[in-house]
Chemist: 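Dropping a structure here in structure tokens format, bear with me for questions.
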Amino acid sequence: MPSREFEPIPAPRTGGLEPPGPYGAGPETAGPYGAGPETAGPYAEDPETAEAYAEGSQPGEPSLRAGLEAILLIVDEPVPEVTLAQILERPRHEVAAALRELAAEYSAQGRGFDLREIAGGWRFYTRDVCAPLVERFVRDGQQARLTQAALETLAVVAYRQPVSRARVSAIRGVNSDGVIRTLTLRGLIEEAGHDPEHQAVLYRTTGYFLERLGLNTVEELPDLALYLPDDVEGIEELQQ
């Protein structure tokens, strides 16, 4: 029987291309961070989100610079870098670098305020060249009548001095930090040391306060007994 020669079975057609490897150039097989749109990084489609991600914050959260500005805008005394790092939950070296970038940016833009590192911490201050304008504003403001909030705060300080800001706020039932700053700028109250237990700043009235009221000492202030409710002791116990 004559022998038969078998032709080899042809290989599958691949269009002349070698099969791509697991991370080849094909869009379906590109690596997890390849150039294909389906496999691009998680923040490539949103520039704003990508910028926030680059600064280290999560999408929807304020950036490091925004967080620093928000905190420093409300502080009454310089805040150390370590405290800011703890609040923002960021490395201290990143916080320090961002603070210095902000300070340089404000100076370059000629803002009316600047960010200074003073007494081991950072705080906003009005710029030196704006001092005459600030002085004029404060001086003219002293001629205006006190608001109801300022009168209440001044009365608390006058009758309970020396007293801390926290104690004044507790008595009034609202935050009094801004009003105390206003009264201090107008020369009606001043710092009187620190609380020995909590180290809080204490405040008292000034000689200018006595002069404006026509008094020699605070002992000449009107007696409040006639204006207090009968259960004043119970009210004080609840406040404490």
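Keep in mind that what you see is a predicted model, and the values were worked out from it rather than measured. Because only heavy atoms are used, hydrogens play no part in the values below, and waters and symmetry mates are left out as well, while side chains stay in.
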Chemist: Looking at Arg100 and Glu81, does any basic side-chain N land under 4.0 Å from a carboxylate oxygen?
Modeler: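 So Arg100 pairs with Glu81 through a salt bridge.
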Chemist: For Gln161 and Thr205, does a side-chain donor sit closer than 3.5 Å to a side-chain acceptor?
Modeler: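 Note: Gln161 and Thr205 side chains meet the donor-acceptor criterion.
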Chemist: Roughly how far, to the nearest 0.5 Å, is CG of Leu68 from CG of Leu115?
Modeler: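 It comes to 8.5 Å.
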Chemist: Are any non-hydrogen side-chain atoms of Leu84 and Arg90 less than 4.5 angstrom apart?
Modeler: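 They are not in contact (no side-chain heavy atoms under 4.5 Å apart), so the answer is no.
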Chemist: Would a distance-only check, ignoring hydrogens and angles, find a side-chain to backbone donor-acceptor pair under 3.5 Å from Ser107 to Ala103?
Modeler: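 Yes, Ser107 side chain to Ala103 backbone: donor-acceptor pair under 3.5 Å.
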Chemist: Just wondering, do Phe137 and Cys130 contact through their side chains at under 4.5 Å, heavy atoms?
Modeler: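 A side-chain contact under 4.5 Å is absent here.
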Chemist: Salt bridge (Lys or Arg N to Asp or Glu O under 4.0 Å), that's the test. Do Glu117 and Arg123 meet it? Break it down for me.
Modeler: CA-CA 7 Å; Glu117 184 178 13; Arg123 183 185 178 189; over 6 Å; no
Chemist: Count I, L, V, M, F, W, Y as connected when their side-chain heavy atoms are under 4.5 Å apart, and connections chain through other members. Are Val174 and Tyr159 then in the same cluster?
Modeler: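 No, Val174 does not connect to Tyr159 through the hydrophobic network.
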Chemist: Do Arg92 and Gln86 make a side-chain contact, defined as non-hydrogen atoms from C-beta onward lying under 4.5 Å apart?
Modeler: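 Contact flag for Arg92/Gln86 side chains = no.
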Chemist: Checking side chain to side chain contact (heavy atoms under 4.5 Å, CB included) for the pair His194/Val201: CA distance, chi angles, key distance, verdict?
Modeler: CA-CA 5 Å; His194 294 78; Val201 177; 3.8 Å; yes
Chemist: State, with a plain yes or no, whether a side-chain heavy atom of Thr206 is found less than 4.5 Å away from one of Glu211.
Modeler: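 The answer is no; the side chains never approach within 4.5 Å.
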Chemist: Going by the ring-ring contact (aromatic ring centres under 6.0 Å, His included) test, which pairs reach into residues 65-118, not counting sequence neighbours?
Modeler: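 For residues 65-118, and leaving out neighbouring residues, the ring-ring contact (aromatic ring centres under 6.0 Å, His included) pairs sorted by first residue read Tyr106-Phe113, Tyr106-Phe124, Phe113-Phe124.
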Chemist: How long is the straight-line distance from CG of Leu72 back to OH of Tyr125, given to the nearest 0.5 Å?
Modeler: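 One gets 10.5 Å once the value is rounded to the nearest 0.5 Å.
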Chemist: Would you sort out whether Ile171 and Glu152 count as a side chain to side chain contact (heavy atoms under 4.5 Å, CB included), showing the intermediate values?
Modeler: CA-CA 10 Å; Ile171 294 174; Glu152 292 177 2; over 6 Å; no
Chemist: Determine, for Glu191 against Arg204, whether the closest basic-nitrogen to carboxylate-oxygen distance falls under 4.0 angstrom.
Modeler: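 No salt bridge links Glu191 with Arg204.
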Chemist: Without swapping roles, check the side chain of Glu220 against the backbone of Asn216 for a donor-acceptor pair under 3.5 Å.
Modeler: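 Yes, because the side chain of Glu220 sits within donor-acceptor range (under 3.5 Å) of the backbone of Asn216.
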Chemist: Is any side-chain heavy atom of Glu69 closer than 4.5 Å to a side-chain heavy atom of Leu102?
Modeler: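 Glu69 reaches Leu102 side chain to side chain.
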Chemist: Please give me the minimum heavy-atom distance between Ser164 and Ala200, naming the atom from each residue.
Modeler: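 Nearest pair, atom of Ser164 first, then Ala200: CB-CB, 4.1 Å.
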Chemist: CG of Leu88 to OG of Ser63: how many Å apart, nearest 0.5 Å?
Modeler: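 The distance works out to 10.0 Å.
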Chemist: Run the numbers on Leu146 and Leu188 for side chain to side chain contact (heavy atoms under 4.5 Å, CB included), then give the verdict.
Modeler: CA-CA 11 Å; Leu146 293 176; Leu188 295 171; 4.0 Å; yes
Chemist: Could you tell me whether the side chain of Leu213 reaches within less than 4.5 Å of the side chain of Leu221, counting heavy atoms only?
Modeler: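 SC-SC contact between Leu221 and Leu213 confirmed.
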Chemist: Does one hydrophobic cluster hold both Leu183 and Tyr208, with members joined at side-chain heavy-atom distances below 4.5 Å?
Modeler: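 Yes, Leu183 connects to Tyr208 through the hydrophobic network.
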Chemist: Salt bridge check: are Arg167 and Asp195 linked by an N-O gap of less than 4.0 Å?
Modeler: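 A salt bridge is absent here (no side-chain N lies under 4.0 Å from a carboxylate O).
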Chemist: Output the distance between atom CG (Leu64) and atom CD (Glu89), rounded to the nearest 0.5 Å.
Modeler: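 Reported to 0.5 Å precision, the distance equals 12.5 Å.
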Chemist: If you look only at pairs with a residue in residues 124-134, which of them pass as a salt bridge (Lys or Arg N to Asp or Glu O under 4.0 Å), with sequence neighbours excluded?
Modeler: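 Every pair satisfying salt bridge (Lys or Arg N to Asp or Glu O under 4.0 Å) with a residue in residues 124-134: Asp114-Arg127, Arg116-Asp128.
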Chemist: Quick one, Ile189 and Phe209 - any side-chain contact, counting heavy atoms below 4.5 Å?
Modeler: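 The answer is no, as the side chains (C-beta and beyond) never meet within the 4.5 Å cut-off.
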Chemist: For the atom pair CG (Leu202) and CD (Glu190), what is the distance rounded to the nearest 0.5 Å?
Modeler: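 Reported to 0.5 Å precision, the distance equals 12.0 Å.
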Chemist: Around atom CD of Gln109, are there more than 12 heavy atoms from other residues, nucleotides or ligands closer than 6.0 Å?
Modeler: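 Count over threshold, so yes.
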Chemist: Rounded to the nearest 0.5 Å, what's the gap from CD1 on Ile180 to CZ on Arg165? Could you check?
Modeler: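 If we round to the nearest 0.5 Å, Ile180:CD1 and Arg165:CZ are 6.5 Å apart.
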Chemist: Are Val75 and Val82 linked, directly or through other ILVMFWY residues, by side chains that come within less than 4.5 angstrom of each other?
Modeler: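 No, separate clusters.
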Chemist: Only counting residues at least two apart or in another chain, list the ones meeting side chain to side chain contact (heavy atoms under 4.5 Å, CB included) with Ala149.
Modeler: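 Ala149: side chain to side chain contact (heavy atoms under 4.5 Å, CB included) contacts with Thr147, Arg172, Val179.
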Chemist: Is any side-chain heavy atom of Glu105 closer than 4.5 Å to one of Arg65?
Modeler: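 When only atoms from C-beta onward are counted, Glu105 and Arg65 do touch, with a gap below 4.5 Å.
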